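Remarks on the structure that follows.
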Protein chains: 2
Amino acid sequence: MKPKIEDVAKLAGVSPTTVSRVLNNRGYISDKTRDKVQQAMNELNYFPNDVARTLFNKRSNLIGLILPTTANPFFGELTFHIENICASLGYKVLLCNSLNQVDKEEKYLEMLLRNQVDGIIVGTHNRGILDYHKQGLAVVAIDRYLSETIPVVSSDNYDGGKTATELLIHNQCQCIVLIDGIGELETPARLRRKAYMDLMEQHRQTPIIYEIAEVFEQNSYIPILNDLFTEHPEVDGVFATNDLFAAALWNEAKKRNKSIKVVGYDGTETLRTLLPELTTIKQPIKSLAEAAIDILIKEIEEELPDLPLETKLPIKLIKGTTA
Amino acid sequence: MKPKIEDVAKLAGVSPTTVSRVLNNRGYISDKTRDKVQQAMNELNYFPNDVARTLFNKRSNLIGLILPTTANPFFGELTFHIENICASLGYKVLLCNSLNQVDKEEKYLEMLLRNQVDGIIVGTHNRGILDYHKQGLAVVAIDRYLSETIPVVSSDNYDGGKTATELLIHNQCQCIVLIDGIGELETPARLRRKAYMDLMEQHRQTPIIYEIAEVFEQNSYIPILNDLFTEHPEVDGVFATNDLFAAALWNEAKKRNKSIKVVGYDGTETLRTLLPELTTIKQPIKSLAEAAIDILIKEIEEELPDLPLETKLPIKLIKGTTA
DNA sequence: CTGAAAGCGCTTACAG
DNA sequence: CTGAAAGCGCTTACAG
């Protein structure tokens, strides 16, 4: 059996209260007692049981992370940074891949609640109207509006969409197509599309939009890209709202020997190692993670007064050779 | 405050014992009582506190997952599958990105122990001689020998290395270089190198090996690749033991207008969307996840008799255009 | 400076 | 079929 505080107390010849005190460095303890206790802990290879602590303290130091899937490199990198920063602050991460499915997301939310997480970071993009604020839980969203009161962190999506579209226009493209995820209401990421629409109008070009479900499965994008090339053979510029779409489009264009300008979105390390030629809008992934955690911890610590409800971080154009 | 079992009991006019019984569907309860209790739970929006349950049951249904980083698409996809399967079985995943640093790994291990995880899946590759079996904890390793008694799950690394090297030989390459991670002792993944060495000898070619640290940072591979091209301008074939190395090499070769055959390793969905032309050895990532969890659960349930100590899953050659 | 007691929210023998 | 009591491993007032 694992040793418990009582075992340590017995071995050290003190009371459990005293052991708890040295564990938490709380109250007065004589150096002699402290040493005795520490020795006993070492001898027994004692680790405190955080479950028991959580039960008493009503603080689990657990953060729930809900996102579509770590298989997508953007979320894989975001997850890495979030977990990494959390660990450095003494928080632990309970991971949930919801695949954007509302039913899964609901189950995960309940699971996190049962496990007494101190807060939740939500990075999914479905339309579920989940009541994330029930139980007065601390919540922060990445690129998604959950409710009036839940803070949102995102890259400057409008500026990203604008920069990408402007570059294509600057490249003299005459027929610029947007490839976007399937219609979501009121996602901040929708601003990428908004910027594209605005610029198309401004330059008197017709917006053409293709929507692809983000299923993260190989080749699942190809049928829609086929449609695109069939229906708009004149396409000479594409802004894709994520790099996987952009890469799929680029590879299909190469197959067809089509000369085309392409700009993606996300700019993950993975993309830049695998396909450095892709011109893309880089999100500040690490900063997004930092900002989200910063806000979440403020909520947990109940520093509600200075909670920024909307945080927008700057994007950066990464020039490859595709535009 | 969150409602607790006592609140439900009061509202339903029964004892906490009875509420617990309907919660766990255990022992006899009259339908009428069950209904009353269920109604009270709904009314109060009651969720059981899993922390309290864990404390009593000595079962957390928590699995610790330690790996280098989810920012690497192989681990991102592996993590997705592991978490996904765990969720379907009622287990929750506590994520740890160790970046292959021994000190971090040790801290994570202690953290997982304190949190009373039921088991740990280890996918890191450092040389740390961690005592993972202390406390009689259930452990399974992916592609790594931890100790004599800890089961290992991996792809058929030797076959992968053999298939890749044979393909390059078959492509008439005269100077075949291996790009591998930095020397690790006794990793199953080392068999990829072993197969390369064996085949080089068999075909009377000189093995040439370049080692790169897996730091997962953009452009960090380039200096070593520069060395490779300078020191061995005659190189006409490369087997890289992961796709990120392979892609970096391929992109550098293109820059230099060098015609070269390249085979990678891993074959993630991400790779195949971003760089489908890369010929690679595909690991069965989902099957690896399934096998690891299957074994871990056997350990947790103490079905020790039929624990396979070594599980090798078949790889598959994916033919792109690079070899 | 140290300890006995009560309690965090559950569950499970044990009685009835 | 139902309930009172004890206990999971901790921590924190409260006394001394």
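Chain letters run A, B, ... following the sequence lines, proteins first and then strands; every chain starts at 1. As the structure is a computational prediction, the values presented were derived from the model and not from experiment.
Residue A:Asp50 is out of contact with every strand shown, counting any heavy-atom pair closer than 4.0 Å. At the heavy-atom level, B:Thr54 lies nowhere under 4.0 Å from the strands shown. Across all strands shown, B:Thr17 has heavy atoms under 4.0 Å from base atoms, whether or not it also approaches the sugar-phosphate. In this structure, B:Arg21 reaches the bases: a heavy-atom distance under 4.0 Å links it to at least one base atom across the strands shown. Looking at heavy-atom distances under 4.0 Å, B:Val51 makes no contact with the nucleic acid at all.
Judged purely by atom type and a 3.5 angstrom limit, B:Lys92 uses its side chain to pair as donor or acceptor with the backbone of B:Ser60. At least one donor-acceptor pair closer than 3.5 Å links the side chain of A:Thr70 to the backbone N or O of B:Phe80.
The nearest heavy atom of DNA chain D to B:Ile29 and to B:Phe56 marks one nucleotide each, and the one closer to the 5' end goes with B:Ile29.
B:Ile150 and B:Leu309 get closest at one heavy-atom pair: C-CD2, 4.1 Å.
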From CA spacing to verdict: salt bridge (charged side-chain N to carboxylate O under 4.0 Å, His left out), B:Lys32, B:Asp35: CA-CA 5 Å; B:Lys32 220 175 67 189; B:Asp35 286 352; over 6 Å; no
Determine, stepwise, if the pair A:Arg59 / A:Glu301 fulfils salt bridge (charged side-chain N to carboxylate O under 4.0 Å, His left out). CA-CA 11 Å; A:Arg59 263 304 220 100; A:Glu301 315 270 359; 3.7 Å; yes
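If you walk DNA chain C from 5' to 3' and mark each nucleotide with an atom closer than 4.0 Å to a heavy atom of chain B, the marks span C:dG9 to C:dA13.
Each of A:Leu67, A:Ile66, A:Ile82, A:Leu65 was checked for a side chain to side chain contact (heavy atoms under 4.5 Å, CB included) with A:Ile142, and the lone residue meeting it is A:Ile82. Evaluated for a side chain to side chain contact (heavy atoms under 4.5 Å, CB included) with A:Pro151, the options A:Glu299, A:Glu310, A:Lys298 yield exactly one hit, A:Glu299.
In this model, no donor atom of one side chain and acceptor atom of the other lie less than 3.5 Å apart for B:Thr17 and B:Ser20.
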The dot-bracket string of DNA chain C, counting Watson-Crick and G-U wobble pairs with both distances under 3.5 Å, using [ ] for crossing pairs and | for pairs to another strand, is |||.||||||||.|||
